[in-house]
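Notes follow once the structure below has been shown.
Just so it is clear, the structure is predicted and the values come from calculations on it, not from any experiment.
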Amino acid sequence: MTENKATDKLRRRGRSKRASASQPARQPNYRQLKHPFAQQSMFSLDEVNAIHDTALRVIEELGIKVLLPEARKIFANAGARVDADEMVYVGRDIVQAALASAPRKIRMRAANPLREQDYELGSMIFMAGVGCPNACDAIRGRRPGTLNDFEETIKLCQSYDVIHTFGPMTEAQDMPIHLRHYEMTRAQLEFGDKPMFLYARGRAQVEQGFEMAQVALNLSADDFQDGVWLTTVINTNSPRMLDNPMAQGIIDFARAGQLSVITPFCLAGAIAPITPAGALTLQHAECLMGIALSQLTRTGAPVSYGGFSSNVHMKSGAPAFGTPDHLKMQIGGGQLARFIGLPWRTASGSASNTADMQAGLETVMGLWGGSLAHGTLLVHTAGWLEGGLTFGYEKFINDV
């Protein structure tokens, strides 16, 4: 009996060795991902059509306030009605023409060609938590973000293939605001080779960021127009306002052939209707307005639909993430993006103050929502804490 057991053990060990030898070595290459699951639905096709139609009525009848005179002039030249109080009313024919000319597939370029991404429906592109004024880790604690913190977050993102693009993970607050874009662009070029981000903080800064990328990467004017080398996020001022830097960012990026991701931040129960359908109607209207401005500036300019709609805590008013309503609006946003045929941006996130189980659960639920909604670009997927107030180093590693 003992001899038979020993013989069986040797046979099993031999089979295990043969199996290991025949299997290829694991390659942790997560560079160009596609959504593996079927897209989920929150609304019927009739309901999606109704949300889209209502959003067009919002733009036509209620209007969007546009603070930038240059943007109002662009809309007026296209036939939109512009009132003295800066309200702009855009006909659905203008919006539908813009949707027809916006590209369905965008080539995201990178210093390393292996890092390039196809920005289109079905692609799955992850960005770390971004827009955080503070940084935090177990050794140095919570602190206002510095240039050194930003450089460290670039190195973290560069280290993991599953993080596909750079963003403004934490703010370099020790750098003067008029110089900060130089250092944040330099850090991306020096410490990484992935697709890059540039804030839309005024025309001069945007043009200087474009020039830095062209010089550093030795790009001719034609090279710079061949795909997208820099991306920005355009946050509308909900409800129904497009402010000066955001409108100017859309115009500047469109003219340069670089990517604007139009992303309303519609918080249901605070600055948006409390129902998912109502909040998505506002999100959709503001997105369509930004897309229209990009296409009126330059037909065929790279532009992305986007949404970051969630709900708020009804006692404190604080944003909440990973909740049922957050997921409903992600899935509904994905249906609207597919309805108009454009790639789109969604986001995970966490309102927790530390890298605990709450933070992990909220982020995972947001990731599931974005995945099942077929988000092209999934933002705030690693490191985001306190509703975006802090980038946590341990949280980043946990999320990865």
Side-chain angles (χ1 to χ4, degrees), residues 42-43 51 54-55 58 62 64-65 127 129-134 136 142 171 233-243 246 261-287 289-290 305-337 344-370 372-373 375 378-392 395 399:
M42 174 66 196
F43 301 102
I51 292 173
T54 304
V58 168
L62 300 179
I64 304 289
K65 191 164 190 174
M127 179 185 282
V130 296
C132 305
N134 303 299
C136 181
R142 186 180 187 271
E171 192 72 16
V233 170
I234 301 295
N235 292 128
T236 53
N237 279 15
S238 303
R240 297 171 37 234
M241 180 187 289
L242 190 57
D243 65 21
M246 296 294 96
V261 182
I262 315 297
T263 311
F265 186 19
C266 295
L267 289 171
I271 54 177
I274 199 166
T275 65
L280 285 174
T281 298
L282 178 62
Q283 171 188 295
H284 197 58
E286 293 179 354
C287 266
M289 193 72 169
Y305 186 87
F308 193 27
S309 295
S310 188
N311 59 299
V312 298
H313 190 289
M314 294 308 293
K315 288 185 178 180
S316 68
F321 304 100
T323 63
D325 285 297
H326 180 200
L327 270 67
K328 289 176 183 178
M329 286 185 270
Q330 285 182 298
I331 293 172
Q335 289 182 267
L336 288 165
W344 79 294
R345 175 259 203 208
T346 184
S348 181
S350 170
S352 177
N353 294 331
T354 188
D356 56 8
M357 288 186 68
Q358 176 191 339
L361 179 61
E362 289 172 346
T363 300
V364 166
M365 292 306 293
L367 285 168
W368 268 115
L372 297 178
L378 288 82
V379 184
H380 307 321
T381 58
W384 220 55
L385 285 171
E386 298 181 66
L389 291 178
T390 298
F391 183 93
K395 178 68 162 54
D399 292 336

### Query
Which atom pair, heavy atoms only, marks the closest approach of Leu378 to Leu367?
CD2-O, 4.2 Å
### Query
To the nearest 0.5 Å, what is the distance between CD1 (Ile64) and CG (Asn237)?
11.5 Å
### Message
Any donor-acceptor pair under 3.5 Å linking the side-chain atoms of Ser352 with those of Glu362?
### Response
no
### Heavy-atom closest pair, residues Gln330 and Ala347
NE2-O, 2.9 Å
### Task
For Gly387 and Phe321, work out which heavy atoms get closest and say how close.
CA-CE1, 3.8 Å
### Query
How about Met246 and Thr236: do any of their side-chain heavy atoms sit closer than 4.5 Å?
no
### Query
Does Phe265 have any ring-ring contact (aromatic ring centres under 6.0 Å, His included) partners at least two apart in sequence or in another chain, and if so, which?
Phe308
### Query
Any side-chain heavy-atom pair from Pro264 and Cys287 closer than 4.5 angstrom?
yes
### Message
Between Gln283 and Met329, is there a side-chain heavy-atom distance shorter than 4.5 Å?
### Response
no
### Task
Working to the nearest 0.5 Å, report the span between CZ of Phe391 and CG of Asn134.
12.5 Å
### Query
How many angstroms lie between CG in Asn311 and CG in Leu327, if you round to the nearest 0.5 Å?
10.5 Å
#### Entry: Minimum heavy-atom distance Ala382-Asp399, with the two atoms named
CA-OD2, 3.3 Å
### Message
Assess, by modelled atom type and distance only, whether the side chains of Lys395 and Ser350 contain a donor and an acceptor separated by less than 3.5 Å.
### Response
no
### Task
Would you check if Met314 and Ile274 make a side-chain contact, meaning some heavy-atom pair closer than 4.5 Å?
yes
### Taking every non-hydrogen atom, the tightest pair across Thr281 and Ile51
OG1-CG2, 3.7 Å
### Value rounded to 0.5 Å, distance of OG1 in Thr323 from NE2 in His313
11.5 Å
### Query
Does the side chain of Tyr305 reach to within under 4.5 Å of the side chain of His284, using non-hydrogen atoms?
yes
### Query
Between atom SG of Cys132 and atom NE2 of His380, what is the distance when rounded to the nearest 0.5 Å?
7.5 Å
### Message
Show the nearest heavy-atom pair for residues Val379 and Val130, with the distance to one decimal.
### Response
CG1-CG2, 3.7 Å
### Task
Answer yes or no: is there a side-chain heavy-atom contact under 4.5 Å between Ser238 and Cys266?
yes
### Task
Indicate yes or no for a side-chain donor-acceptor contact from Asn353 to the backbone of Glu386 under 3.5 Å, with no hydrogens or angles considered.
no
### From Leu242 atom CG to Asn235 atom CG, the distance as rounded to the nearest 0.5 Å
10.5 Å
### Message
Tell me if a side-chain donor or acceptor on Arg345 pairs with a main-chain N or O of Val233 at a distance below 3.5 Å.
### Response
no
### Query
Donor-acceptor pair, Ser309 side chain versus Gly307 backbone, under 3.5 Å?
no
